[in-house]
Amino acid sequence: MLKVESLGLADAICEHLCNCETFTDAFCEDCAAIERLPQTLTDPADETCPAEFDVSDPGCVRHSDWFEIAERAREAEKLAAEAAGIELKRKLAA
């Protein structure tokens, strides 16, 4: 049986989601932590986030939701490895 540290699948999924504007827009859409700043005569409307719209940031108020997504990505990697007869040497981290 082939043994590897990681297939890189979980990391790739998480990285893709963090960089996917469609995902982050939808994930953050109704977040109560976002401060919406109205347009003024001199400045356009803006939004601020304590985690700077980084869903993987531990300071994100929805971090537990993100952690669940990352856990499912690790499960998918483990399933793929098992199906291919590959043993992962280490537990995959979030």
Side-chain angles (χ1 to χ4, degrees):
M1 177 178 282
L2 178 63
K3 293 182 180 181
V4 298
E5 288 294 320
S6 167
L7 297 177
L9 179 62
D11 291 339
I13 290 170
C14 291
E15 182 177 344
H16 175 77
L17 290 176
C18 283
N19 293 313
C20 177
E21 191 173 328
T22 301
F23 174 78
T24 56
D25 284 353
F27 189 85
C28 299
E29 184 175 11
D30 294 323
C31 180
I34 295 175
E35 182 180 357
R36 287 162 176 77
L37 306 170
Q39 178 178 341
T40 66
L41 293 175
T42 57
D43 296 314
D46 196 14
E47 294 181 335
T48 62
C49 168
E52 297 185 19
F53 299 97
D54 179 355
V55 299
S56 66
D57 185 314
C60 174
V61 299
R62 294 195 61 204
H63 186 70
S64 62
D65 294 331
W66 171 254
F67 187 82
E68 179 69 24
I69 292 166
E71 181 64 30
R72 296 290 174 99
R74 288 189 298 275
E75 290 171 7
E77 180 166 354
K78 182 180 175 190
L79 180 63
E82 288 172 357
I86 298 170
E87 182 180 334
L88 299 177
K89 292 181 184 179
R90 64 177 174 83
K91 291 190 176 216
L92 300 171

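Index from 1, following the sequence.
Atom CZ of R36 is separated from atom OG1 of T48 by 9.5 Å, given to the nearest 0.5 angstrom. Separation of atoms CG (L88) and CD (E82) is listed at 8.0 Å; rounding is to 0.5 Å. The SG atom of C31 sits 9.5 Å away from atom CG of D65, with the distance rounded to the nearest 0.5 Å. Expressed to the nearest 0.5 Å, how far SG of C14 lies from CZ of R72 amounts to 13.0 Å. To the nearest 0.5 Å, atom OG of residue S64 and atom CD1 of residue I69 are 10.0 Å apart.
Salt-bridge check for E75 with K78: failed, with every basic side-chain N at 4.0 Å or more from each acidic carboxylate O.
When all heavy atoms of I86 and V4 are compared, the closest pair comes out as CG2-CG2, 3.5 Å. Nearest approach of L17 to F23, heavy atoms of both residues: O-CD2, 3.3 Å. Closest approach of A73 and I13 over heavy atoms only: CB-CG2, 4.0 Å.
Taking 4.5 Å as the limit, some side-chain heavy atom of C18 sits within range of a side-chain heavy atom of V55.
Results of the side-chain hydrogen bond (donor to acceptor under 3.5 Å, both in side chains) test with S6 over E77, R74, K89 single out E77 as the only residue that passes.
A donor-acceptor contact shorter than 3.5 Å links the side chain of R62 to the backbone of F27.
W66 and L9 fall within the same hydrophobic cluster, defined by Ile, Leu, Val, Met, Phe, Trp and Tyr side-chain heavy atoms under 4.5 Å apart, directly or through other members.
Other residues, nucleotides and ligands place no more than 12 heavy atoms under 6.0 Å from the CD atom of E15.
Applying the under-4.5 Å side-chain rule to Ile, Leu, Val, Met, Phe, Trp and Tyr, the cluster around F53 extends to I34.
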